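Reading through the structure tokens given below for one structure.
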Amino acid sequence: MSSASAAQSYRVLQLNLCHSGVNTSCFNGANVIQEARDIIGARQPQAVTLNEICRDDLAQLAPSMGNGHQAFAPALRPDGTPVRCVNGDEYGNGLLFRATGATNFSGVYATQDGGSERRVYVCAEFPDLTGCTTHLSTTGSVAMAQCKAAIAMLRDRGAATRPTFLAGDFNMRYAPLFGQNVQNCNSAPFFRKGDGDVQHVFAASMGFERTDVISMRYTDHPALLVTLTKP
């Protein structure tokens with residue numbers, strides 16, 4: 001059997017849920033959690049990457065993913081303490097997988113924008129795959145530096161030979177009229193797929209099948225489903 005025919009589809013679902021309650025313009029409470037459950041149930045991803053969530057949201061969404069592996073990293077204040085949702089829970093980025101048996105790691109970017117939130121990444125490393133999510137600065141030059149740092153970090157961890165993905169809200173668009181072009185962050189062995197706006201999936205040592213952008217009612221971003229192939 002050829003490697004192409006042996007490859008299996010691997011669906012990564014990227015969601016920015018705007019669930020902290022801090023940004024009142026897009027906060028719709030528990031409705032967005034049910035909407036996320038519905039999309040997970042309908043699309044059956046192998047991995048879900050989550051931005052702008054509260055830590056407890058993972059426990060609410062985990063049954064939809066078969067209670068597989070979870071990872072969470074809070075965004076940080078300049079003093080190093082976690083950013084909090086309005087309900088007091090930690091606010092940040094999370095991962096859900098159907099598989100189990102991963103080791104988590106996370107980090108804070110060296111370059112920050114001087115605002116009230118220090119941006120972070122969080123990853124889960126399985127024996128046969130590394131998956132990460134991040135939510136970058138709204139300042140374009142800082143977001144670019146953070147993106148390049150994340151790609152370099154994953155390249156150093158063996159992305160050239162190990163299936164690897166990084167998904168999230170990068171706050172940069174592809175080929176914009178103004179501002180940073182997210183494609184300038186990309187470098188071998190990665191390729192990028194996006195939602196036509198600021199959410200993207202970078203992948204290495206994986207193939208590509210298709211991209212689906214799914215409208216969401218209760219947050220200010222669509223869902224981005226990127227179907228990759230994994231050897």
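Model, not experiment: these values are computed from the prediction. We number each residue from 1, following the sequence as shown.
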Heavy-atom closest pair (Cys54 atom, Phe72 atom, distance to 0.1 Å) is C-CE1, 4.2 Å

Determine yes or no for a side-chain-to-main-chain donor-acceptor pair under 3.5 angstrom, with Asp195 supplying the side chain and Gln199 the backbone. yes

Please check if the side chain of His19 supplies one atom and the backbone of Gly29 the other of a donor-acceptor pair under 3.5 Å. yes

Does any N or O in the side chain of Asn186 come within less than 3.5 Å of the main-chain N or O of Phe190, such that one atom is a donor and the other an acceptor? yes

Hey, could you give me the OH/CG distance between Tyr10 and Leu228, rounded to the nearest 0.5 Å? 9.0 Å

Parallel, tilted or perpendicular: rings of Phe97 and Phe165 (30°, 60°): tilted

Quick one: are the ring centres of Phe191 and Phe202 less than 6.0 Å apart? no

Hydrophobic clusters here meaning ILVMFWY residues chained together by side-chain heavy-atom distances under 4.5 Å, can you tell me if Val32 and Ile39 are in one? yes

Under 4.5 Å between side-chain heavy atoms, counting indirect links through other Ile/Leu/Val/Met/Phe/Trp/Tyr residues: same cluster for Val182 and Val198 or not? no

Verify, without hydrogens or angle tests, whether Ser137 (side chain) and Ala143 (backbone) share a donor-acceptor contact under 3.5 angstrom. no

Once you round to the nearest 0.5 Å, how far does CG of Asp169 lie from CG of Asn171? 4.5 Å

When hydrophobic residues are tied together by side-chain contacts of less than 4.5 Å, even through go-betweens, does Leu13 share a cluster with Phe208? no

If I compare all heavy atoms of Ala175 with all of Asn181, which pair ends up nearest, and what's the gap? N-OD1, 2.9 Å

Just wondering, do Leu136 and Met144 contact through their side chains at under 4.5 Å, heavy atoms? no

Report the distance from atom OG of Ser116 to atom CG of Asp79, rounding to the nearest 0.5 Å. 11.0 Å

Charged tip of Arg192 within 45° of Phe170 ring normal and under 6.0 Å: no

Can you tell me how far OG1 of Thr227 sits from NZ of Lys193, rounded to the nearest 0.5 angstrom? 12.0 Å

Are Val83 and Arg118 close enough, and set up right, to give a side-chain contact (heavy atoms from CB on, under 4.5 Å), and what steps lead you there? CA-CA 9 Å; Val83 177; Arg118 299 175 67 198; over 6 Å; no

Determine whether a donor-acceptor pair (N or O, by modelled atom type, separation under 3.5 Å) exists between the side chain of Asp89 and the backbone of Ser20. no

To the nearest 0.5 Å, tell me how far Asp220 CG sits from Asn23 CG. 6.5 Å

Salt bridge between Arg37 and Glu35, side-chain N to carboxylate O under 4.0 Å? no

Can a side-chain donor-acceptor contact be found between Arg155 and Ser187 if the only test is distance below 3.5 angstrom? yes

Contact summary for Cys185 and Ile151, nearest pair of heavy atoms: SG-CG1, 3.8 Å

With a 4.0 Å cut-off on N to O distance, would you call Asp197 and Arg173 a salt bridge? yes

Pairing donors with acceptors under 3.5 angstrom, does anything connect the side chains of Thr103 and Glu125? no

Is the shortest side-chain heavy-atom distance between Val48 and Leu61 below 4.5 Å? no

If we ignore hydrogens and angles and just use 3.5 Å, is the side chain of His200 paired with the main-chain N or O of Met172 as donor and acceptor? yes

Any side-chain heavy atom of Ser106 sitting closer than 4.5 Å to one from Cys123? no

With side-chain contact (heavy atoms from CB on, under 4.5 Å) as the criterion, how do Val226 and Leu224 come out once you've worked through the C-alpha distance, each side chain's angles and the decisive distance to 0.1 Å? CA-CA 6 Å; Val226 176; Leu224 171 62; 3.9 Å; yes

Could you check whether atom CZ of Phe105 has more than 12 heavy atoms from other residues, nucleotides or ligands sitting under 6.0 Å from it? yes

State, yes or no, whether a side-chain contact exists between Leu225 and Thr211 at a heavy-atom distance under 4.5 Å. no

Just by distance, no angles: are the side chains of Thr133 and Asn51 close enough, under 3.5 Å, to form a donor-acceptor pair? yes

Working note: Leu154 + Cys132, criterion side-chain contact (heavy atoms from CB on, under 4.5 Å); need CA distance, chi angles, decisive distance, verdict. CA-CA 9 Å; Leu154 290 171; Cys132 305; 3.6 Å; yes

Under a 3.5 Å distance rule, please check whether Arg98 uses its side chain to pair with a backbone N or O of Pro45 as donor and acceptor. yes

All heavy atoms of Ser64 vs all of Ile40, minimum pair found to be O-CG2, 3.5 Å

Does Glu117 use its side chain to pair, donor to acceptor, with the backbone of Arg77 at less than 3.5 Å? no

Spell out, yes or no, whether Val201 and Met153 are grouped together once hydrophobic residues are joined by side-chain heavy atoms under 4.5 Å, including indirect joins. no

Cut-off 3.5 Å, side chains only: do Glu52 and Asn16 have a donor facing an acceptor? yes

Can you name the closest pair of heavy atoms from Val122 and Leu95 and give their distance? O-CD1, 3.6 Å

side-chain hydrogen bond (donor to acceptor under 3.5 Å, both in side chains) partner of Ser9, chosen from Lys230, Glu209, Arg210: Glu209

Are Leu15 and Val12 connected, step by step, through hydrophobic side chains (Ile, Leu, Val, Met, Phe, Trp, Tyr) whose heavy atoms are closer than 4.5 Å? no

Using the rule side-chain contact (heavy atoms from CB on, under 4.5 Å), only one of Leu58, Ile33, Asn93 pairs with Ile53; which is it? Leu58

Side chains of Val120 and Pro74: does their closest heavy-atom pair fall under 4.5 Å? no

Test log, rule side-chain contact (heavy atoms from CB on, under 4.5 Å), inputs Leu76 and Thr81: CA-CA 5 Å; Leu76 300 177; Thr81 60; over 6 Å; no

Taking atom types as modelled, is there a side-chain donor on Thr134 or Tyr109 under 3.5 Å from an acceptor on the other? yes

Check Pro82 against Glu90 and note the closest heavy-atom contact, atom names and distance. CG-OE2, 3.5 Å

Supply the atom-to-atom distance Asn184 CG to Cys147 SG, rounded to the nearest 0.5 angstrom. 10.0 Å

Whether the side chain of Gln146 engages the backbone of Gln112 through a donor-acceptor N/O pair (distance < 3.5 Å, no angle test) should be reported. no

Test your reading of the model: is there a side-chain donor-acceptor pair from Ser205 to the backbone of Ala160, 3.5 Å cut-off? yes

Report yes if the side chains of Thr219 and Asn28 come closer than 4.5 Å at any heavy-atom pair, otherwise no. no

